Amino acid sequence: MRRPLLSLLLLALLLPAAIAATPAVRAENAWIRWLPANLPAAGYATLVNSGDEPEVLIGASSPDYGEVSLHQNVTRDGNVQMRPVERIAIDPHSSLRLAAAGYHMMLMQPSKALKPGDRVTITLRFLSGTLEVQFEVRPADSPS
């Protein structure tokens with residue numbers, strides 16, 4: 001009797017975590033602007049929140065980069081400044097475009113030589129869970 005009860009208790013504790021582990025977000029048109037000579041690259045995508053609650057992107061990581069960070073370009077007094085951000089909120093039933101002129105990811109310290117046409121896995125971390133996304137490496141002159 002103890003074993004089934006313990007199993008049910010364990011299932012009850014783990015089930016909410018398993019359900020919450022998948023955010024209601026999908027990524028579309030995910031790509032990386034490739035730059036030569038190990039210069040920092042930038043990652044872009046459109047994040048679509050199909051859920052009824054806001055989703056909050058709190059970070060990202062990749063086995064192909066030593067550091068992945070969230071940034072935003074802001075224009076002040078006619079000057080564009082890039083600044084790190086800790087989180088990016090996506091409203092319910094809406095989308096947010098990660099692009100050069102706004103929010104984006106900075107990808108630094110590549111762990112291997114990458115070239116246009118390669119694919120890179122980036123894990124997006126949301127408050128509600130994680131999402132693995134395949135990003136296509138594109139040439140530097142690719143349109144946003």
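Values in this document were obtained by computation on a predicted structure and should not be read as measured data.
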| Spacing of Gln109 atom CD and Glu67 atom CD [to the nearest 0.5 Å] | 5.5 Å

| Linking I/L/V/M/F/W/Y whenever any side-chain heavy atoms sit under 4.5 Å apart, do Val48 and Leu96 land together? | no

| request: Would you name the heavy atoms of Val133 and Ala30 that are closest together and state the gap between them? | output: CG1-CB, 3.7 Å

| Check: Ser62 side chain, Thr121 main-chain N or O, donor-acceptor pair, under 3.5 Å | yes

| query | Does any N or O in the side chain of Ser142 come within less than 3.5 Å of the main-chain N or O of Arg33, such that one atom is a donor and the other an acceptor? | reply | no

| field | Nearest non-hydrogen partners of Pro63 and Ser111, listed with the distance | value | O-OG, 3.0 Å

| task | Specify the closest pair of heavy atoms between Met105 and Ala60, including all atoms of both residues, with the distance to one decimal. | result | SD-CB, 3.8 Å

| Out of curiosity, does Leu35 fall in the hydrophobic cluster containing Ile122 (side-chain heavy atoms, cut-off under 4.5 Å, transitive links)? | no

Throw together a table of side-chain donor-acceptor distances under 3.5 angstrom for residues 50-57, partners on residues two or more places apart or in other chains.
| unit_1 | atom_1 | unit_2 | atom_2 | d |
| --- | --- | --- | --- | --- |
| Ser50 | OG | Ala24 | O | 3.4 |
| Asp52 | OD1 | His93 | NE2 | 2.6 |
| Glu55 | OE1 | Ser128 | OG | 2.6 |
| Glu55 | OE2 | Ala24 | N | 3.0 |
| Glu55 | OE2 | Ser128 | OG | 3.4 |

| Below 4.5 Å, heavy atoms only, C-beta onward: do Lys115 and Asp118 meet side chain to side chain? | yes

| task | Take Arg97 and Asn29, measure what side chain to side chain contact (heavy atoms under 4.5 Å, CB included) needs, and give me the verdict at the end. | result | CA-CA 10 Å; Arg97 188 167 174 241; Asn29 192 31; over 6 Å; no

| query | Which heavy atom in Ala99 sits nearest to a heavy atom in His104, and how many Å separate them? | reply | O-CB, 3.7 Å

| In terms of ring plane angle, is the pair Trp31 and Tyr44 parallel, tilted or perpendicular, where the classes change at 30° and 60°? | tilted

| Is there a donor-acceptor pair under 3.5 Å between the side chain of Asn49 and the backbone N or O of Ile90? | yes

| task | Any chance you could measure His71, atom NE2, to Leu98, atom CG, to the nearest 0.5 Å? | result | 13.0 Å

| said: According to a hydrophobic-cluster definition based on side-chain heavy atoms being under 4.5 Å apart (Ile, Leu, Val, Met, Phe, Trp, Tyr only), do Met106 and Ile58 belong together? | reply: no

| request: List the atom of Arg83, the atom of Val74, and the distance in Å for their closest heavy-atom pair. | output: NE-CG2, 3.3 Å

| query | Counting heavy atoms not belonging to Gln81, are there more than 12 under 6.0 Å from its CD? | reply | yes

| Are the side chains of Met108 and Ser69 in touch, meaning some heavy atoms are under 4.5 Å apart? | yes

| request: Using a 4.5 Å cut-off on heavy atoms from C-beta on, say whether the side chain of Gln72 contacts that of Ile88. | output: no

| query | Arg138 versus Pro116: any side-chain heavy-atom pair under 4.5 Å? | reply | no

| query | Are the side chain of Asn73 and the backbone N or O of Ala100 linked by a donor-acceptor pair below 3.5 Å? | reply | yes

| query | Taking all atoms of both residues into account, what is the closest heavy-atom pair of Phe126 and Pro23, and its distance? | reply | CD1-CG, 3.7 Å

| query | Looking at Leu114, Asp64, Ile32, which one forms a side-chain contact (heavy atoms from CB on, under 4.5 Å) with Leu107? | reply | Ile32

| query | Would a 4.5 Å heavy-atom cut-off, applied to side chains only, mark Leu124 and Val25 as touching? | reply | no

